[in-house]
Amino acid sequence: MKDQYDIAVVHGDGIGPEICIASLTLLDSVLPGGVLRFTEHPAGAEHFLKTGESLPQATYDACAKADAVLHGAAGIPGVVGPDGTEVGVDFTLKLRFGLDLYANIRPIRLFDGVTGPLCCKGADKIDYVILRENSEGLYASRGGGTLLREEVATDTLVQTRKGIRRIVHKAFQLARLSNGAPADGVRRVTCCDKANVLRSYAFFRSVFDDVAKEYPDIECDYAIVDAMTMHMVLRPNHYNIIVTENMFGDILSDLGAATVGGLGLAPSAEVGDNNGLFQPSHGSAPDIAGQGVANPYGMVLSSAAMLDWLALRYEDQRLLTAATQIKAACAMAMTEGCFTPDLGGDLSTTDVVGALIDKVKAMG
Ligand code: NAD
Ligand code: IPM
Ligand code: MN
């Protein structure tokens, strides 16, 4: 346990600052003053437009040194570097690679009070985790692909035994700690790949099988990624932990979020052995930025994941209690229909966070 935790905060662009500020207000109300020390640092597309830099070295260094990093979201479509890709996403990607944040944990859970878009059997109970490999796969190529004579472009998908082993171990460990799939209570890890077509994914699956031998108490399951999109829609309650390559995890986690009410509700935790970055799965949502209506639950639940991660790492009961209170307040508020317009409500971002603060205070 530490007296104080240094949290590096980067607001980002679009709705990033709106949801980030809302979350900080809640964190301030849930923990005694001084337990978390927030320091704010610039990065993102707006910052690039002002200064020519999307991620200042000082911001990176502060994040590397901090006990944890909180990020809203960044990126402005069209604000790109010489290779045509967005500069706003530098912050997230450079932290992932530089700090080796190899495990991206994206819970997909249907909360009571939320009407999801699915109406199939099993859609009433959705509670699984997409465990996205976050340090290699197709994203390993960021900044290293080629463009030849404006005619041919390449990006290489990279998967290593070390990278696959550690993410698959994490998947089985998460399964052990879970309650199993809602359909049958079975603790199950689904390996989602494209092993039928590409060597790199066949390798992913073979390493998965090797690691799985160490967890005979957990059921193994396989899905090829194209069919997986159907299964996530038609039998979501079958899933417990889904482990997958970086790019597949990116795409599937947005689909999963849609099945439980939308991106605004989707939290994410990106952790390595020594560092953690906590930000929602969604982006800067330029279409609703500046209106005060961004859904804060994804960000708030990501900040609760940060407290849980720090609590475990430093054996700090205060943080564990605070995380539990935030999650309970979110569940209660959703049951009562406290929603922003994306979920059919008419509350603002600050209204929702105000309701969460009241609930936490009422818990004493
Ligand atoms: P997006 O996630 O920003 O938005 C997709 C849709 O979901 C939009 O209609 C948006 O209004 C809605 N949405 C997202 N979050 C919401 C919330 N909290 N409340 C209510 N509605 C919400 O994805 P996009 O439009 O593809 O990307 C926009 C920008 O964000 C791009 O510049 C992209 O590169 C960037 N991006 C950044 C991050 C990040 O920083 N972590 C993640 C994803 C995308
Ligand atoms: C996410 C985002 C990121 C990704 C961007 C911001 C680099 O979409 O975290 O899902 O593509 O991984
Ligand atoms: Mn994404």
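Just follow the structure's listing: the first ligand is 1, and inside any ligand the first atom is 1. Heavy-atom basis, side chains included; hydrogens, waters and symmetry copies ignored.
For the pair Arg166 and Tyr102, the distance from NZ or CZ to the six-membered ring centre is under 6.0 Å and the angle to the ring normal is within 45 degrees.
A side-chain N or O of Glu270 and one of Gln279 form a donor-acceptor pair less than 3.5 Å apart. In the model, Thr156 has no side-chain atom that pairs as donor or acceptor with a side-chain atom of Ser141 under 3.5 Å. Inspection of the Asp254 and Ser281 side chains reveals no N or O donor paired with an N or O acceptor under 3.5 Å. Side-chain atoms of Arg235 and Asn237 include no donor-acceptor pair closer than 3.5 Å. When only modelled atom types and interatomic distance are considered, Arg132 and Ser268 share no side-chain donor-acceptor pair under 3.5 Å. Gln57 and Thr59 are not linked by any side-chain donor-acceptor pair at a separation below 3.5 angstrom, with hydrogens and angles left out of the test. At a cut-off of 3.5 Å, with distance as the only test, no side-chain donor of Tyr128 or His238 sits close to an acceptor on the other residue.
Between Tyr215 and Gln173 the shortest heavy-atom distance is OH-NE2, 3.6 Å.
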Sub-3.5 Å pairs, protein N or O with ligand 1 N or O:
unit_1, atom_1, unit_2, atom_2, d
ligand 1, 2 (O), Gly283, N, 2.7
ligand 1, 3 (O), Gly283, N, 3.4
ligand 1, 3 (O), Ser284, N, 3.3
ligand 1, 3 (O), Ala285, N, 2.8
ligand 1, 9 (O), Asp287, OD2, 2.7
ligand 1, 11 (O), Asp287, OD1, 2.7
ligand 1, 11 (O), Asp287, OD2, 3.1
ligand 1, 15 (N), His282, ND1, 3.3
ligand 1, 18 (N), His282, NE2, 3.2
ligand 1, 18 (N), Asn295, O, 3.0
ligand 1, 19 (N), Asn295, N, 2.9
ligand 1, 30 (O), Ser284, N, 3.0
ligand 1, 30 (O), Ser284, OG, 3.2
ligand 1, 32 (O), Glu86, OE1, 2.6
ligand 1, 32 (O), Glu86, OE2, 3.2
ligand 1, 34 (O), Glu86, OE1, 2.9
ligand 1, 34 (O), Glu86, OE2, 3.4
ligand 1, 40 (O), Ala74, N, 2.8
ligand 1, 40 (O), Ala74, O, 3.4
ligand 1, 41 (N), Gln279, OE1, 3.0

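In this structure, Lys2 does not pair ionically with Asp316, as no charged nitrogen and carboxylate oxygen lie closer than 4.0 Å.
Linking Ile, Leu, Val, Met, Phe, Trp and Tyr residues whenever their side-chain heavy atoms come within less than 4.5 Å places Ile167 and Leu174 in a single cluster.
Taking a heavy-atom cut-off of under 4.0 Å, ligand 2 is surrounded by Val89, Leu93, Arg96, Arg106, Arg132, Tyr139, Asp250, Ser281.
Between Tyr222 and Phe208, the ring planes are perpendicular. Angles over 60° get that label, and only those under 30° would be called parallel.
For residues 108-127, there are no side-chain hydrogen bond (donor to acceptor under 3.5 Å, both in side chains) pairs, not counting sequence neighbours.
With a cut-off of 2.8 Å, the protein N/O/S atoms near the Mn ion (ligand 3) add up to 1.
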